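Numbers restart at 1 for each chain; the letters A, B, ... are given by sequence-line order, proteins then strands. These numbers were taken from a predicted model, which means no experiment stands behind them.
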Protein chains: 2
Amino acid sequence: MAEQPQVRTTSQAWESLFRTQVAVMRRMQQLPEFRKLAMREYDVLFNLSNCPTGWTRLNELNEALLISQPSLSRMVERLEAKGLVQRRTAESDQRGIEISLTDKGAELQREIGRVHVRHLHEMLAPLLSEAEFQQLQELTDRMRAGLKERPAR
Amino acid sequence: MAEQPQVRTTSQAWESLFRTQVAVMRRMQQLPEFRKLAMREYDVLFNLSNCPTGWTRLNELNEALLISQPSLSRMVERLEAKGLVQRRTAESDQRGIEISLTDKGAELQREIGRVHVRHLHEMLAPLLSEAEFQQLQELTDRMRAGLKERPAR
DNA sequence: TCATCATACATGCAATTGCATCTACCTAGC
DNA sequence: GCTAGGTAGATGCAATTGCATGTATGATGA
């Protein structure tokens with residue numbers, strides 16, 4: 001049976017993870033690619049591109065982001081105005097909205113995504129070995145899986 | 001000699017780390033403690049509380065945060081107006097500003113910090129073992145150490 | 001069936017943010 | 001010493017954000 005983690009251990013691990021995220025993000029934000037589209041907006045396109053059916057509910061999308069519901073609502077409005085996403089009311093629930101990428105939006109996502117991945121790799125590859133990155137992913141995947149069981153609200 | 005990581009491995013590890021950070025943050029933001037002070041403002045107090053000398057340069061503080069320099073400049077202004085931080089011009093460089101917590105600011109930081117750590121632990125402890133959290137910290141610490149050698153700009 | 005309550009998203013509005021730019025100070029090279 | 005170029009923060013202003021709340025639809029129970 002695995003040992004129960006100490007308070008110091010969990011909080012220090014969290015702080016280290018968090019600070020690493022900040023350090024990487026700061027470097028990413030400086031890339032010229034994010035002049036076209038703010039990081040947060042790209043994040044929306046990216047999340048939409050990962051959805052298997054193509055269409056995502058607004059509230060579901062909101063859970064994957066750190067912005068408030070009204071902010072997302074208006075951001076989607078702007079992205080729609082730019083022709084990057086489409087909206088429709090959900091069939092199963094007339095209150096709900098479903099969103100998907102337009103061709104133009106999908107294209108832009110891929111374009112930025114390629115550069116994004118390339119820079120990320122240049123930045124991260126020297127830091128850990130293949131096995132260590134796999135280990136890191138395994139640990140964080142399990143954390144998210146565990147969190148999912150107890151939803152945010 | 002450790003194997004050189006693949007592009008897929010680094011980008012997937014990053015995505016997993018990033019998503020985990022979002023999932024944890026979303027849960028933290030909902031806590032009633034962050035009514036008093038926005039997360040970003042707490043983050044400033046936290047960073048100041050961790051500084052050994054007590055005083056931190058504005059630009060140095062900025063590097064630990066994901067907000068722009070003008071935003072931080074004004075946020076510090078507001079925190080000063082609330083009596084949570086103090087400012088003074090740096091001795092070594094008359095252009096620079098140094099910031100530190102006031103007693104009131106330090107008190108508030110500790111108060112929120114305690115609750116913060118407690119909730120964090122309740123949330124994270126069931127997810128991984130003691131050893132795994134240590135491993136996670138070790139990996140992310142090394143990532144940051146490696147990033148530090150090649151500064152953000 | 002029909003009140004009652006919950007949920008999904010939109011909107012008014014004040015606060016915060018970022019971009020571009022400005023000012024003050026520092027550093028180099030002459 | 002002085003000028004050119006760089007760095008640290010501050011500020012004007014438009015855009016974005018969050019909070020509180022509104023509107024419409026869905027779910028529940030007497």
Side-chain angles (χ1 to χ4, degrees), chain A residues 22 25-26 28-45 48 55-82 84-100 151-153, chain B residues 22 25-26 28-45 48 55-82 84-100 151-153:
Chain A
V22 170
M25 275 315 222
R26 265 199 84 73
M28 293 302 284
Q29 278 186 332
Q30 291 170 335
L31 300 177
E33 285 70 31
F34 290 105
R35 296 278 148 161
K36 287 189 188 179
L37 208 63
M39 202 76 162
R40 288 178 159 185
E41 293 178 324
Y42 171 73
D43 208 16
V44 168
L45 300 196
L48 289 176
W55 294 87
T56 311
R57 280 290 290 271
L58 197 60
N59 58 358
E60 191 185 340
L61 180 58
N62 202 170
E63 280 168 30
L65 305 170
L66 286 177
I67 64 179
S68 67
Q69 175 268 314
S71 285
L72 177 59
S73 191
R74 279 188 265 234
M75 186 191 280
V76 166
E77 200 172 279
R78 291 193 303 270
L79 292 173
E80 190 181 27
K82 287 184 189 172
L84 300 173
V85 307
Q86 320 172 268
R87 290 203 288 189
R88 68 180 190 199
T89 47
E91 280 180 37
S92 60
D93 185 340
Q94 293 293 108
R95 296 168 303 179
I97 293 287
E98 290 175 336
I99 308 150
S100 78
R153 38 172 170 166
Chain B
V22 170
M25 275 313 221
R26 264 199 84 75
M28 294 302 283
Q29 279 186 333
Q30 291 172 336
L31 299 177
E33 285 70 32
F34 290 104
R35 297 280 148 159
K36 286 188 187 178
L37 208 62
M39 201 78 159
R40 287 178 159 183
E41 293 178 325
Y42 171 73
D43 209 16
V44 169
L45 300 195
L48 289 176
W55 293 87
T56 311
R57 280 291 290 271
L58 197 60
N59 58 358
E60 192 184 339
L61 181 57
N62 202 170
E63 280 168 29
L65 305 170
L66 287 177
I67 64 179
S68 66
Q69 175 269 313
S71 285
L72 178 58
S73 192
R74 280 189 265 234
M75 186 191 279
V76 166
E77 199 173 279
R78 292 192 303 270
L79 292 173
E80 190 181 28
K82 288 184 189 173
L84 300 174
V85 307
Q86 319 171 269
R87 291 203 286 189
R88 68 181 189 198
T89 48
E91 280 180 38
S92 60
D93 186 339
Q94 293 294 107
R95 295 168 303 178
I97 292 286
E98 290 175 336
I99 308 150
S100 78
R153 37 171 175 167

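One can place CD of B:Glu63 at 10 Å from P of D:dG9, the figure rounded to the nearest angstrom. When rounded to the nearest whole Å, the span between CG of A:Leu37 and P of C:dC19 equals 13 Å. Going from atom NZ of A:Lys82 over to atom P of D:dA15 covers 12 Å, rounded to whole Å. Residue A:Gln30 contributes atom CD, which lies 15 Å from atom C1' of C:dC19 at whole-angstrom precision. What separates CG of A:Leu58 from C1' of D:dT25 is a distance of 16 Å, to the nearest Å. Look at CD on A:Glu77: it is 15 Å from C1' on C:dA8, rounded to the nearest Å. What separates CG of A:Asn62 from P of D:dT17 is a distance of 12 Å, to the nearest Å. The distance from atom CD1 of A:Ile99 to atom C1' of C:dA10 is 13 Å, rounded to the nearest whole Å.
Residues from residues 66-74 of chain B that place a heavy atom under 4.0 Å from any atom of DNA chain C, listed by number: B:Leu66, B:Ile67, B:Ser68, B:Pro70, B:Ser71, B:Arg74.
Between atom CZ of residue B:Arg57 and atom CZ of residue B:Arg95 there is a gap of 7.5 Å, rounded to the nearest 0.5 Å. Once rounded to the nearest 0.5 Å, the distance linking CD of B:Gln69 with CG of B:Asn59 reads 9.0 Å. With values rounded to the nearest 0.5 angstrom, A:Leu65 atom CG is found 5.5 Å from A:Asp43 atom CG. Atom CG of A:Leu79 is separated from atom CD of A:Gln86 by 12.5 Å, given to the nearest 0.5 angstrom.
Side-chain contact between B:Asn62 and A:Arg26 is present, with at least one heavy-atom pair separated by less than 4.5 Å. A heavy-atom distance below 4.5 Å is found between the side chains of B:Val85 and B:Leu45.
In terms of heavy-atom proximity, A:Arg87 sits nearest to A:Ile97 at CD-CG2, 3.9 Å. The two residues B:Leu37 and B:Glu41 have their closest heavy-atom pair at CD1-OE1, 3.4 Å. When all heavy atoms of B:Leu66 and A:Val22 are compared, the pair lying nearest together is CD2-O, 3.8 Å.
Nearest-nucleotide assignment on DNA chain D puts the 5′-proximal partner with A:Arg40, out of A:Ser92 and A:Arg40.
In terms of phosphate contacts, A:Asn59 brings a side-chain nitrogen or oxygen within less than 4.0 Å of OP1 or OP2 of C:dC9.
Axis angle across the helix from C:dT1-D:dA30 to C:dC30-D:dG1, with five pairs used at each end and values rounded to 10°: 30°.
Closest approach to the A:Arg95 side chain among C:dC9, D:dA10, D:dA24 is made by D:dA24 (side chain taken as heavy atoms from C-beta onward). Nearest to the side chain of A:Met75, among C:dT17, D:dT17, C:dT11, sits D:dT17.
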